[in-house]
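In what follows, a single structure is set out as structure tokens and then discussed.
Per chain, numbering begins at 1; letters A, B, ... match sequence-line order. Just so we're clear, the structure is a prediction, and the values are computed from it rather than from any experiment.
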Number of protein chains: 2
Amino acid sequence: MIGHLAVVGATGAVGREVCTILGERGIRVDRLSLLASSRSAGTQISVNGHALTVRELSDHSFEGVDFAIFSAGAERSRHFAPIATQAGSVVIDNSSAFRMDPGTPLVVPEINPDDAFQHRGTIANPNCSTIIMVLAVWPLHRVNPVRRIVVSTYQAASGAGAAAMEELRTQTADHLAGRKIVPRVFPHPVAFNLFSHNTPIGPDGYNTEERKMIDETRKIFHEPSLPLTATCVRVAVMRAHSESINLTFERPMSPMEARSILCTAPGVEVVDDVAGGRFPMPIEASGRDSVLVGRIRQDASQPDGRGIDLFVAGDQLRKGAALNAIQILELLTRDPTNHPRNRPR
Amino acid sequence: MIGHLAVVGATGAVGREVCTILGERGIRVDRLSLLASSRSAGTQISVNGHALTVRELSDHSFEGVDFAIFSAGAERSRHFAPIATQAGSVVIDNSSAFRMDPGTPLVVPEINPDDAFQHRGTIANPNCSTIIMVLAVWPLHRVNPVRRIVVSTYQAASGAGAAAMEELRTQTADHLAGRKIVPRVFPHPVAFNLFSHNTPIGPDGYNTEERKMIDETRKIFHEPSLPLTATCVRVAVMRAHSESINLTFERPMSPMEARSILCTAPGVEVVDDVAGGRFPMPIEASGRDSVLVGRIRQDASQPDGRGIDLFVAGDQLRKGAALNAIQILELLTRDPTNHPRNRPR
């Protein structure tokens with residue numbers, strides 16, 4: 001039993017998914033506060049069959065709140081998460097605000113659950129593309145250390161929120177009807193198009209999304225210098241991210257060994273049916289908890305047998321965001337001594 | 001002046017593009033025969049303002065034909081190309097039928113023009129994904145040999161022909177209208193989705209498209225064991241392919257050097273505006289002759305400075321198929337001694 005849970009950003013794409021998953025997993029709370037900006041206050045959201053009214057997020061929202069799941073962007077997290085932790089809440093933050101803060105654990109429960117318990121009030125949920133990749137790579141890395149990762153992403157509109165998903169829908173309809181397309185949420189047309197992820201590009205040439213994949217993977221794996229390069233691309237897909245992943249291992253790894261490891265890995269489902277031509281696809285990953293992994297094959301460019309290629313697809317809103325945050329909540333509340341009320345302050 | 005030119009598969013997506021480009025480039029021919037299956041015979045196609053009637057392709061279509069551009073699939077090429085060359089035509093074949101035949105040159109005019117003149121009647125046009133990649137990689141490879149390529153593709157519907165482009169359009173409209181989607185051309189839904197390229201998968205785990213990229217690049221570069229791995233993916237884009245390319249060079253290569261080489265490379269246009277957020281996109285590559293190259297950056301996973309990441313987009317129907325074939329035709333006819341009628345038999 002969780003005491004008082006607050007969902008910050010409850011009307012956003014991730015916040016709504018948090019509400020859905022709370023119901024699906026039968027998570028019992030004494031009290032549930034749905035919070036959002038003044039613009040969305042008053043919205044009704046159904047959680048487990050009960051209609052709840054979204055209230056306006058303020059500096060006073062966290063009195064008596066035990067746990068708060070934040071999905072309202074980095075700026076709001078930077079302002080409100082310290083207020084929440086000050087009020088005694090444990091914050092699980094979906095934004096990028098604290099992910100690389102050395103004092104904030106960055107947690108994927110299947111990979112580094114112990115890190116969650118080192119928190120000082122805030123636990124960060126990794127970037128969606130990172131979570132989806134590391135779910136597939138970690139089980140292999142545990143058996144045979146990964147020495148290099150080259151990843152290219154195929155990211156859904158959902159990563160930019162509900163308005164972006166709506167833009168993909170309306171813009172596509174406009175394009176089909178021959179109407180002029182006016183991008184509003186994205187800087188470029190997304191209908192029947194794709195583009196390099198539109199986050200700022202740093203002096204090293206990587207955009208912020210790619211930099212997150214590099215830095216966050218290193219932190220989650222506790223491998224501060226793991227060689228990794230990423231190319232992040234937005235595609236005309238609604239809500240699941242796909243990734244083409246090329247791995248170099250310390251020792252040779254056969255596709256059969258990789259497949260057998262992945263078949264029993266938590267949070268992963270191997271979809272690699274060569275005879276039937278069935279491999280991970282975003283429409284099949286959508287709404288699923290598992291990250292789908294397939295096209296498992298020996299990399300022909302590494303003749304020493306140390307290379308493996310994979311293709312994965314995972315629901316960006318679920319495992320890429322809301323589900324991972326709820327799994328962190330479950331992890332923390334499994335052990336009652338870790339309840340905020342029972343922790344030494 | 002070219003004597004008698006035949007376009008085989010004139011009503012297909014690539015064949016129509018061949019007709020368009022002939023007009024655009026003002027290529028003068030004594031006679032132009034448009035050929036297709038009996039199903040398409042009778043179709044009128046406009047070439048340079050003249051409406052021409054498509055005739056049925058038969059074993060007798062090649063009498064007096066000097067050059068024939070084939071874009072009618074591997075099966076028809078296997079049957080009709082030998083008939084055409086027997087009749088004295090020089091065949092430029094867009095299919096995969098002869099690409100890996102040791103006696104057939106595989107030509108990208110910007111890269112290996114000399115190979116074209118070694119033909120024994122047939123010259124093969126490479127696979128579209130291969131052409132688009134090698135245009136960007138070759139100029140760098142000439143300066144500093146490429147030692148490994150890791151490529152992931154984002155391939156348009158056009159690669160599967162005109163019917164596939166129509167399927168993307170109608171399926172997307174059906175999806176938006178909430179109608180049931182029934183894939184016909186592709187084995188999987190393509191609207192708001194993507195999937196692993198649906199060519200057969202060999203015992204090595206690579207599908208045929210990926211295997212083409214590996215083998216054809218090696219042949220074009222005259223580097224029979226160039227280390228290369230490819231992951232080929234179909235996306236909901238109409239007609240330009242994009243590719244995320246990771247390169248390892250023999251010696252260090254800086255992004256500035258790579259950019260300066262690519263800025264003067266033939267067939268390439270650098271679109272890499274970090275301040276303006278403008279990079280290669282399929283909608284901007286569509287209808288263009290150049291392959292757009294951007295996101296040129298040092299690969300952080302290769303600390304010795306030998307790695308470069310690129311993102312490219314090129315029109316699959318133009319440089320990926322029709323334009324390259326016409327450039328081969330131009331190459332062969334530039335030197336009148338190479339005209340079929342003047343060649344020793």
Side-chain angles (χ1 to χ4, degrees), chain A residues 148-154 168-169 172-173 176 187-189 191-196 198 200-201 204-207 214 225-231 233 235-238 242 244-246 255 274 277-284 294-303 307 309-311 313, chain B residues 148-154 168-169 172-173 176 187-189 191-196 198 200-201 204-207 214 225-231 233 235-238 242 244-246 255 274 277-284 294-303 307 309-311 313:
Chain A
R148 186 174 172 228
I149 304 177
V150 179
V151 61
S152 296
T153 70
Y154 304 69
L168 171 57
R169 213 174 278 115
T172 304
L176 288 171
H188 307 291
F192 302 112
N193 194 27
L194 55 81
F195 50 86
S196 177
N198 56 297
I201 292 186
D204 59 1
Y206 285 94
N207 63 41
I214 296 171
S225 56
L226 182 71
L228 197 165
T229 184
T231 299
V233 177
V235 297
V237 163
M238 214 49 89
S242 305
S244 168
I245 305 172
N246 176 267
V274 170
R278 221 179 125 250
F279 304 106
M281 295 198 294
I283 51 165
E284 291 194 348
R295 296 301 320 281
I296 304 164
R297 62 202 192 280
Q298 196 88 62
D299 168 4
S301 75
Q302 302 191 67
D309 281 303
L310 301 173
F311 192 73
Chain B
R148 187 174 172 228
I149 303 175
V150 180
V151 60
S152 296
T153 70
Y154 304 69
L168 171 56
R169 213 174 278 116
T172 303
L176 287 171
H188 307 290
F192 302 111
N193 194 28
L194 55 80
F195 49 86
S196 177
N198 57 297
I201 291 186
D204 58 3
Y206 285 94
N207 63 41
I214 297 171
S225 55
L226 182 70
L228 197 165
T229 184
T231 299
V233 176
V235 296
V237 163
M238 214 48 90
S242 306
S244 168
I245 305 173
N246 176 267
V274 170
R278 223 180 122 247
F279 304 106
M281 294 197 295
I283 52 164
E284 292 194 347
R295 297 301 321 280
I296 304 167
R297 63 202 191 279
Q298 196 87 62
D299 167 4
S301 74
Q302 302 191 66
D309 280 305
L310 301 173
F311 193 73

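- In this structure, OG on A:Ser152 lies 7.5 Å from CG on B:Asp309, to the nearest 0.5 angstrom.
- With chain B as partner, the option from A:Gln298, A:Arg148, A:Met238, A:His188 having the largest number of non-hydrogen pairs under 4.5 angstrom is A:Arg148.
- Listed here is the closest heavy atom pair of B:Tyr206 and A:Ala300: OH-N, 2.7 Å.
- Proximity to chain B (any heavy atom under 4.5 Å) is shown, for A:Ala313, by neither the backbone nor the side chain.
- In terms of heavy-atom proximity, A:Ile283 sits nearest to B:Pro189 at CD1-CG, 3.5 Å.
- Taking B:Arg278, B:Glu284, B:Gln302 one by one and counting their heavy-atom pairs under 4.5 Å with chain A, the maximum is reached by B:Gln302.
- Here the two rings, on A:Phe279 and B:Phe195, have centers that are 6.0 Å apart or farther.
- A distance of 8.0 Å separates OG in B:Ser301 from CD1 in A:Ile214, rounded to the nearest 0.5 Å.
- Looking at A:Leu176, only its side chain comes within 4.5 Å of chain B, counting heavy atoms on both sides.
- Heavy atoms of A:Val237 lying under 4.5 Å from chain B belong to its backbone as well as its side chain.
- Top candidate by heavy-atom pairs under 4.5 Å with chain B, chosen from A:Pro227, A:Ser244, A:Pro282, is A:Pro282.
- Using a 4.5 Å cut-off between heavy atoms, A:Arg169 contacts chain B through both its backbone and its side chain.
- Contact count against chain A (heavy-atom pairs under 4.5 Å) is highest for B:Asn193 among B:Ile201, B:Asn193, B:Asp299.
- When heavy atoms are compared at a cutoff of 4.5 Å, A:Ser242 approaches chain B solely by way of its side chain, counted from C-beta outward.
- Considering B:Thr231, B:Asp204, B:Asn207, B:Thr229 as possible partners of A:Arg297, the one that fulfils the side chain to side chain donor-acceptor pair (under 3.5 Å) test is B:Thr231.
- Across A:Leu226, A:Ile149, A:Val233, the residue that shares the most heavy-atom pairs under 4.5 angstrom with chain B is A:Val233.
- Neither the backbone nor the side chain of A:Pro187 has a heavy atom closer than 4.5 Å to any heavy atom of chain B.
- For B:Arg295 against A:Gly205, the heavy-atom pair with the smallest separation is NH2-O, 2.9 Å.
- Contacts with chain A were tallied for B:Thr172, B:Asn198, B:Ile296; B:Thr172 has the most, counting heavy-atom pairs under 4.5 Å.
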